[in-house]
Amino acid sequence: MVKTALDDFPRPPCAELLGWRLLDARPEEGWIKLGFEGKPEFCNPAGFIQGGMLSAMLDDTMGPAVLVMSEGRLYTTTISMTVNFLSPAKPGPIIAEATVTQLGKTIAFVEARLMSENGTVLAIATASERLLEAARVVR
């Protein structure tokens with residue numbers, strides 16, 4: 001596994017809740033691959049993962065893509081995010097990939113997708129992210 005800026009950051013509670021884990025990264029390309037756990041507690045009455053939980057997974061993939069690309073210098077806060085749900089997500093492992101499509105001085109544009117273990121695309125998203133210097137973020 002490639003070393004990334006994420007190796008030096010503690011995982012926040014929301015990432016723990018989602019079962020967040022780094023699977024692969026290409027920092028120079030602004031690309032990241034993560035794993036999440038679609039827990040039964042995340043399901044709607046039909047037995048599928050609720051869309052808000054899938055959106056949280058997408059959001060928690062796109063921000064780290066910027067962090068990795070910036071070598072830990074930049075956090076993000078989401079300005080806008082558009083999500084398209086393509087297939088119902090069942091409980092179990094969920095794979096996410098994100099790519100930074102443009103990294104500016106104050107804004108980044110990122111795209112992501114969620115997939116089931118068998119490769120079915122569950123949801124895709126694009127986001128505009130405000131960039132924040134990591135040293136200035138109050139912890």
Side-chain angles (χ1 to χ4, degrees):
M1 169 82 63
V2 65
K3 181 168 174 43
T4 72
L6 291 167
D7 297 339
D8 301 324
F9 286 85
R11 197 172 317 163
C14 62
E16 291 289 337
L17 175 69
L18 296 172
W20 189 105
R21 66 191 183 287
L22 179 64
L23 300 177
D24 198 3
R26 294 191 295 268
E28 66 284 351
E29 297 174 26
W31 176 85
I32 194 168
K33 182 176 184 180
L34 303 175
F36 291 97
E37 185 59 35
K39 299 175 184 176
E41 297 86 356
F42 298 167
C43 288
N44 61 24
F48 298 114
I49 305 295
Q50 197 267 344
M53 300 307 291
L54 297 173
S55 296
M57 292 175 191
L58 288 160
D59 194 37
D60 214 9
T61 302
M62 292 186 281
V66 172
L67 183 75
V68 165
M69 186 178 200
S70 71
E71 298 176 343
R73 293 187 318 272
L74 300 170
Y75 282 119
T76 62
T77 184
T78 304
I79 297 169
S80 67
M81 183 169 73
T82 300
V83 179
N84 292 296
F85 301 99
L86 306 177
S87 185
K90 297 177 183 173
I94 295 175
I95 306 301
E97 294 181 6
T99 303
V100 178
T101 56
Q102 185 175 11
L103 184 62
K105 291 183 180 184
T106 59
I107 305 290
F109 297 93
V110 189
E111 57 188 25
R113 64 185 181 152
L114 293 180
M115 297 157 287
S116 66
E117 268 192 312
N118 69 8
T120 300
V121 178
L122 305 170
I124 57 174
T126 56
S128 303
E129 306 279 352
R130 179 161 316 282
L131 301 176
L132 305 168
E133 290 182 37
R136 292 188 183 175
V137 175
V138 178
R139 295 184 188 144

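Each residue takes its place number in the sequence, starting with 1. Small disclaimer: the values here were computed from a predicted structure and weren't measured.
Summarising the geometry of Ile107 relative to Arg130, their closest heavy-atom pair is CD1-NH1, 3.8 Å, with the distance given to 0.1 Å. Here the closest non-hydrogen pair linking Glu71 and Ala5 is C-CB, 3.6 Å. The two atoms that bring Val121 and Arg113 nearest to each other are CG2-NH1, 4.2 Å, heavy atoms only. Between Thr76 and Gly63, the shortest heavy-atom contact is OG1-CA, 3.4 Å. Residues Phe42 and Leu17 approach most closely at CZ-O, 3.4 Å, considering heavy atoms. Nearest heavy atoms, Met57 versus Glu37: CE-O, 4.1 Å.
Panel note: side chain Gln50, backbone Gly52; a donor-acceptor pair is recorded below 3.5 Å. Looking only at distances, a side-chain donor or acceptor of Trp20 sits under 3.5 Å from a matching main-chain atom of Asp60.
For the pair Val83 and Leu54, the minimum side-chain heavy-atom distance is 4.5 Å or more. Using a 4.5 Å heavy-atom cutoff, the side chains of Leu103 and Leu131 are in contact. Between Glu129 and Asp59 the shortest side-chain heavy-atom distance falls below 4.5 Å.
Leu114 and Phe48 fall into different hydrophobic clusters, where Ile, Leu, Val, Met, Phe, Trp and Tyr side chains are chained together by heavy-atom contacts under 4.5 Å. Trp31 is not connected to Leu58 by any chain of hydrophobic side-chain contacts under 4.5 Å among Ile, Leu, Val, Met, Phe, Trp and Tyr, and they are in different clusters. Following chains of ILVMFWY side-chain contacts shorter than 4.5 Å, one cannot reach Phe109 starting from Leu74, and the two form parts of different hydrophobic clusters.
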Problem - Stepwise side-chain contact (heavy atoms from CB on, under 4.5 Å) test for Lys39 and Met53 - result: CA-CA 10 Å; Lys39 299 175 184 176; Met53 300 307 291; over 6 Å; no
Exercise for the section: For side-chain contact (heavy atoms from CB on, under 4.5 Å), just list the numbers for Cys43 and Ile49, CA-CA rounded to whole Å, side-chain angles, deciding distance to a tenth of an Å, and then say yes or no. Expected result: CA-CA 4 Å; Cys43 288; Ile49 305 295; 4.0 Å; yes
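Tested against Leu23 for a side chain to side chain contact (heavy atoms under 4.5 Å, CB included), the candidates Leu34, Ile32, Ile95 yield a single pass: Ile95. Of the candidates Thr99, Thr78, Thr126, Val110, Val110 is the only one forming a side chain to side chain contact (heavy atoms under 4.5 Å, CB included) with Met62.
A distance of 10.5 Å separates CD in Glu133 from OG in Ser70, rounded to the nearest 0.5 Å.
A side-chain hydrogen bond (donor to acceptor under 3.5 Å, both in side chains) check over residues 101-110, counting only residues at least two apart or in different chains, returns nothing.
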